[in-house]
Participant: 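I'd like to ask some things about the structure below.
In what follows, chains carry the letters A, B, and so on, assigned in the order in which the sequence lines appear, proteins first and then strands, with residues in each chain numbered from 1.
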Number of protein chains: 2
Amino acid sequence: MIPEATVARLPVYLRALTALADAGIRTCSSEDLATAAGVNSAKLRKDLSYLGSYGTRGVGYDVDYLRYQIAREIGVTQDWPVVIVGIGNLGHALANYSGFRSRGFRVVALLDADPERHEEIVAGVPVRPFADLEAIAREHAVAIGVIATPAGSAQDVADQMVAAGITSILNFAPAVISVPDGVDVRKVDLSIELQILAYHEQRKAHEHARVDADDHGAAALAVGGDA
Amino acid sequence: MIPEATVARLPVYLRALTALADAGIRTCSSEDLATAAGVNSAKLRKDLSYLGSYGTRGVGYDVDYLRYQIAREIGVTQDWPVVIVGIGNLGHALANYSGFRSRGFRVVALLDADPERHEEIVAGVPVRPFADLEAIAREHAVAIGVIATPAGSAQDVADQMVAAGITSILNFAPAVISVPDGVDVRKVDLSIELQILAYHEQRKAHEHARVDADDHGAAALAVGGDA
DNA sequence: AAGAGTTTGTGAATGGGAGAACAAATCACC
DNA sequence: GGTGATTTGTTCTCCCATTCACAAACTCTT
Ligand SMILES: NC(=O)c1ccc[n+]([C@@H]2O[C@H](COP(=O)([O-])OP(=O)(O)OC[C@H]3O[C@@H](n4cnc5c(N)ncnc54)[C@H](O)[C@@H]3O)[C@@H](O)[C@H]2O)c1
Ligand SMILES: NC(=O)c1ccc[n+]([C@@H]2O[C@H](COP(=O)([O-])OP(=O)(O)OC[C@H]3O[C@@H](n4cnc5c(N)ncnc54)[C@H](O)[C@@H]3O)[C@@H](O)[C@H]2O)c1
């Protein structure tokens, strides 16, 4: 049983290993890989220890071997079929995204409720009616669905996906969706990320204001610290 | 000092409150809001307690009042100017995204290194040369930058952003970027999210296989449990 | 073959967040 | 004005994750 926090970092390690392999590096230490992945080396080693003992003390890790082991653990040694629902601005970008194929996923269908969008072909895949979801999902044994519709439709789309046998959903719509037990949902939310940045940005601004005030001889001792 | 986990949820509460307000609801309990935000009500109350005491015991929270307080805490009562670098598939979708304006952000510039993209106008904003970054960032006092270039350019773009005075970066490129202290980076990574889903999907499949085997009378006792 | 130098894997300590549970505060009603 | 119902704010406990630190294991040199 691998901790959730570790699972979330394995894809980062996988990418870093791929970059190292592309650079012709065949062996790396936990320190090297940690730097490439942007984490602490102790954390990296502990994470890898959950998978097994794939390194060699005094030497490090074989890049290709470790890469295969992580890919196997994640489950991306074969391709996963994926459907995308909502082929608007974002849906088009996702459909055109070449990184899907190279990272273990294959877009088998693009679906949209708007009849005007049907017959359009995006990145070689035709846009089909949303009503075809279940047939397509069953035919290709699709387990993963991506929601790129407006927020108001997200719950309905999720319900239909679940009914079609999809058990993992990636939701780009800014809406909380509820699903039965056994179905995983992850969300990607631009506005939330920006607002988190804005919060910290605002704190930096306040901090600067305080420091500036100090510089100008204001009553520094009267201003409380951060702690 | 608000815990990071709480900061990450405040935007979710803000969105839920906006939805409640749009539905004409003027007062809500922590239970109501927690349901709308998809969290536990105890967690919600504890989160809100870091901001202050904005509820009324026995009654609940005034939707508009709480919404304003959270918006103020996050820092989205005024608009933050934002620049987007890399106006390809994803950059176009982001530039066209209407959710920016309504959530406290204003796209002041779109930048791309490719001269062919210049003179193009996306969502009313012209695409300008990447070299103009510093001038534009200084002019509009831009603190937040979005990277939507290929991974290979991400570090370079980040360096230029930092040099231009940007102190918060949202990175869509699948690359680890390093920045000086005082600069915040958040990443949005489609492949990582899909791979996390794939991991759990694979585990579900194994679990089903095990249960199926049991159903068919295989040696259940000989199969190890999960623990 | 032995010792010096590396690097992994992991036990132990620390820190932070999640959730249960309850006292304090408010309202509605009489 | 008093009583019961409701809901917040907070305390306490537990659990997970991060980090430190080091023994075990390996390589290279002499
Ligand atoms: N564009 C972005 O950069 C961006 C960024 C962050 C989040 N988002 C979110 O992603 C979602 C999509 O954004 P967009 O800009 O592509 O919107 P869009 O309006 O361009 O596209 C939405 C598409 O979904 C389709 N659709 C609507 N209801 C549907 C249904 N029930 N079933 C199937 N298809 C349906 C529409 O026909 C349309 O083609 C929105 O929720 C948006 O908030 C977008
Ligand atoms: N398209 C998607 O749905 C999607 C999804 C997830 C992640 N991503 C990531 O987002 C990034 C952009 O994806 P895309 O599909 O839009 O790619 P794209 O190739 O369509 O667009 C990239 C744009 O960046 C510009 N660019 C390149 N180097 C630059 C530089 N140094 N300075 C300024 N501009 C530069 C290019 O001219 C191009 O216009 C990639 O890193 C990709 O991996 C995209």
Participant: What nucleotide among C:dT8, D:dC20, D:dT8 has an atom nearest to a side-chain atom of A:S29?
Facilitator: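 The closest nucleotide is C:dT8.
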Participant: Roughly, in whole Å, what's the span from CG in A:L44 to C1' in D:dA17?
Facilitator: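 Rounded to the whole Å, the gap is 15 Å.
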Participant: Is the phosphate of C:dG9, meaning OP1 or OP2, less than 4.0 Å from a side-chain N or O of A:Y61?
Facilitator: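 Yes, because at least one side-chain N or O of A:Y61 sits under 4.0 Å from OP1 or OP2 of C:dG9.
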Participant: So which atom in B:G99 and which in A:S191 form the shortest heavy-atom distance, rounded to 0.1 Å?
Facilitator: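 Scanning both residues completely, I find the closest heavy atoms to be O-OG, 4.5 Å.
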Participant: If I take atom CD in residue A:E4 and atom P in nucleotide C:dG16, what distance separates them, rounded to the nearest angstrom?
Facilitator: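 In whole Å, C:dG16 P lies 22 Å from A:E4 CD.
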Participant: A:Q69 has an atom CD; how far is it from atom P of C:dT8, in whole Å?
Facilitator: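 Computing the A:Q69:CD to C:dT8:P distance gives 16 Å.
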Participant: Would you mind reading off the distance between A:L33 atom CG and C:dG9 atom P, rounded to a whole angstrom?
Facilitator: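 Between P of C:dG9 and CG of A:L33: 12 Å.
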Participant: Flag the pair B:R67 and B:D62 as a salt bridge only when some basic side-chain nitrogen lies within less than 4.0 angstrom of an acidic carboxylate oxygen.
Facilitator: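 Salt bridge: no.
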Participant: Starting the side chain at C-beta, find the nucleotide from D:dC20, C:dG19, C:dT10 nearest to B:K43.
Facilitator: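 Comparing D:dC20, C:dG19, C:dT10 against the side chain of B:K43, the answer is C:dG19.
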Participant: Among the candidates C:dT8, C:dT26, C:dG17, find the nucleotide nearest to the side-chain atoms of B:P3.
Facilitator: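 Side chain of B:P3 sits closest to C:dG17.
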Participant: Nearest-nucleotide wise, let me know which of B:V59 and B:A42 is further upstream toward the 5' end of DNA chain D.
Facilitator: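 Nearest nucleotide further toward 5': that of B:V59.
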Participant: Please state whether the base of C:dG19 and the side chain of B:K46 form at least one donor-acceptor pair under 3.5 Å?
Facilitator: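 Indeed there is one.
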Participant: Between atom OH in A:Y50 and atom P in C:dG11, what is the gap in whole Å?
Facilitator: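 Going from A:Y50 (OH) to C:dG11 (P), I get 11 Å.
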Participant: Expressed in angstrom and rounded to an integer, what is the separation of A:L66 atom CG from C:dT8 atom P?
Facilitator: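 Atom CG in A:L66 sits about 11 Å away from atom P in C:dT8.
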Participant: Mind calculating the distance between CE (A:M1) and C1' (D:dA17) to the nearest angstrom?
Facilitator: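 In whole Å, D:dA17 C1' and A:M1 CE are 15 Å from each other.
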Participant: Nearest to the B:R57 side chain among C:dA18, D:dT8, C:dC27, which nucleotide is it?
Facilitator: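 Shortest atom-to-atom distance from the side chain points to D:dT8.
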Participant: According to a strict under-4.0 Å criterion, is A:R9 in side-chain N/O contact with OP1 or OP2 of D:dT18?
Facilitator: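 True: A:R9 side-chain N/O within range (under 4.0 Å) of D:dT18 OP1/OP2.
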Participant: What integer distance in Å separates A:N40:CG from C:dT10:P?
Facilitator: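 After rounding, the reported distance stands at 17 Å.
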Participant: Aromatic ring centroids of A:Y54 and A:Y65 under 6.0 Å?
Facilitator: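 For A:Y54 and A:Y65, the ring centres are under 6.0 Å apart.
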Participant: Go through C:dA24, C:dT10, D:dA17 for me and flag the one nearest to the A:R45 side chain.
Facilitator: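 Out of C:dA24, C:dT10, D:dA17, the nucleotide with an atom closest to A:R45's side chain is C:dT10.
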Participant: I want to verify a distance call: between D:dG9, C:dG9, C:dT8, whose nearest atom is closest to the B:S53 side chain?
Facilitator: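 Side chain of B:S53 sits closest to D:dG9.
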Participant: To the nearest 0.5 Å, what is the distance between NZ (B:K187) and CD1 (B:I192)?
Facilitator: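 Separation between the atoms: 4.5 Å.
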Participant: It should be established whether A:T56 places a side-chain nitrogen or oxygen under 4.0 Å from OP1 or OP2 of nucleotide D:dC26.
Facilitator: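 No, A:T56 has no side-chain N/O under 4.0 Å of OP1/OP2 on D:dC26.
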Participant: Do A:V83 and A:V146 come close enough that some side-chain heavy atom pair is under 4.5 Å?
Facilitator: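 The answer is no, as the side chains (C-beta and beyond) never meet within the 4.5 Å cut-off.
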